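Everything below concerns the one structure shown next.
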Amino acid sequence: MAAVFYERVYWVVRQIPEGRVTTYGAIAKAIYSPKSARMVGYALNASKNNSDIPAHRVVNRKGLLTGKFHFGGQQVMQELLANEGVEVVDNQIKDIERYFWDPIHEVDLEYLLENFQQNVEKL
DNA sequence: GATATGACCGCTG
DNA sequence: CCAGCGGCCATAT
C-alpha cells in the first residue's frame, strides 16, 4: 500500500539528523498538508516495519514521547534518543527547542512537489 | 461510499 | 497554568 502521503512523510523523516527531533505538525506543514498532523502519526505507525525510518525523532509539539507505546517497550524510544544525546526526562524531551529540527527550512520543496506529483499520477 | 479511528494542534474557559 | 473540546483528514473496514 504505497500511499503517496505516507511516502512524503517518510521522505521527510528520513532526513532528520541524528540528535535532532521534529514534530508531527512541522512535518505536516513541510509536506504542504498543515492540517494533517494526526496523519503523520498514522503514517509513522504504518512505518514500524520500515526500519530505515527514525520515527523516534518525531514527537509532539510539547516534546512528549507520545509514540513510545509503539516501540515494543516503553523505554525503547527514550533510549534511542538518549543514545543520540537527546535528554529525555519524564517522557518529555528536556528543552526541545535546543534539538528541534524544522523540516520546512531544510527540505527541498521543489524536489518534493515534482517527485511526488509523479507518484500521484501513478496511482 | 459511509463510518470509525488516531504516535496531533490550537483555542477557549 | 491546566483541562477540555472540536477541527482536522488519510486510511481501514
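The structure displayed is predicted, hence computed values, not measured ones. Atom set for the values below is all heavy atoms of this structure, side chains included, hydrogens, waters and symmetry mates excluded. Order of the sequence lines sets the chain letters (A, B, ...), proteins ahead of strands, with each chain counted from 1.
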Write down the atom of [X], the atom of [Y], and the distance for their closest heavy-atom approach.
X     : Y      : result
A:A26 : A:P103 : O-CG, 3.7 Å
A:V59 : A:H56  : CG1-O, 4.5 Å
A:Q15 : A:W101 : O-CZ2, 3.6 Å

Nearest whole Å is fine: how far is [N] [atom2] from [X] [atom1]?
X     : N      : atom1 : atom2 : answer
A:E7  : C:dT11 : CD    : C1'   : 14 Å
A:Y6  : B:dA7  : OH    : C1'   : 12 Å
A:N91 : B:dA7  : CG    : P     : 15 Å
A:L44 : B:dC8  : CG    : C1'   : 12 Å
A:L64 : B:dC9  : CG    : C1'   : 13 Å
A:Y24 : B:dC9  : OH    : C1'   : 13 Å
A:Y32 : C:dA10 : OH    : C1'   : 20 Å
A:I96 : B:dA7  : CD1   : C1'   : 14 Å

*Assess whether one donor atom and one acceptor atom, taken from the side chain of A:Y42 and the base of C:dA10, lie less than 3.5 Å apart.*
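It does not, because no donor-acceptor pair links the side chain of A:Y42 to the base of C:dA10 below 3.5 Å.
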*For residues 57-73 of chain A, which residue pairs qualify under salt bridge (charged side-chain N to carboxylate O under 4.0 Å, His left out), counting only residues two or more places apart or in two chains?*
A:R57-A:E84
Could you tell me if the side chain of [Y] sits less than 4.5 Å from the side chain of [X], heavy atoms only?
X      : Y     : value
A:Y42  : A:V9  : no
A:F5   : A:I31 : yes
A:F100 : A:I93 : no

*Would you mind telling me which of A:V86, A:V21, A:L64 makes a side chain to side chain contact (heavy atoms under 4.5 Å, CB included) with A:I96?*
A:V21
Atom pairs under 3.5 Å: protein N/O with N/O of nucleotides 10-12 of chain B:
unit_1 : atom_1 : unit_2 : atom_2 : d
B:dG10 : OP2    : A:R61  : NE     : 3.4

_Contacting residues from residues 70-78 of chain A, given that a heavy atom lies under 4.0 angstrom of DNA chain B_ =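 A:H70, A:F71 - these, ordered by number, are the residues of the stretch whose heavy atoms sit under 4.0 Å from the strand.
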*asked:* Once you apply a heavy-atom cut-off of 4.0 Å, does A:N60 come out as touching a base, just sugar-phosphate, or nothing?
replied: sugar-phosphate
*Under 4.0 angstrom, heavy atoms only, what part of the nucleic acid is A:A55 near: base, sugar-phosphate, or nothing?*
base
*Report, as yes or no, whether the 6.0 Å neighbourhood of atom NZ on A:K35 holds more than 12 heavy atoms from other residues, nucleotides or ligands.*
no
*asked:* Measuring to OP1 and OP2 of B:dC8, would you say a side-chain N or O of A:S36 lies under 4.0 angstrom away?
replied: no
*Pick the nucleotide of DNA chain C nearest each of A:F5 and A:R38; which residue has the one closer to the 5' end?*
A:R38
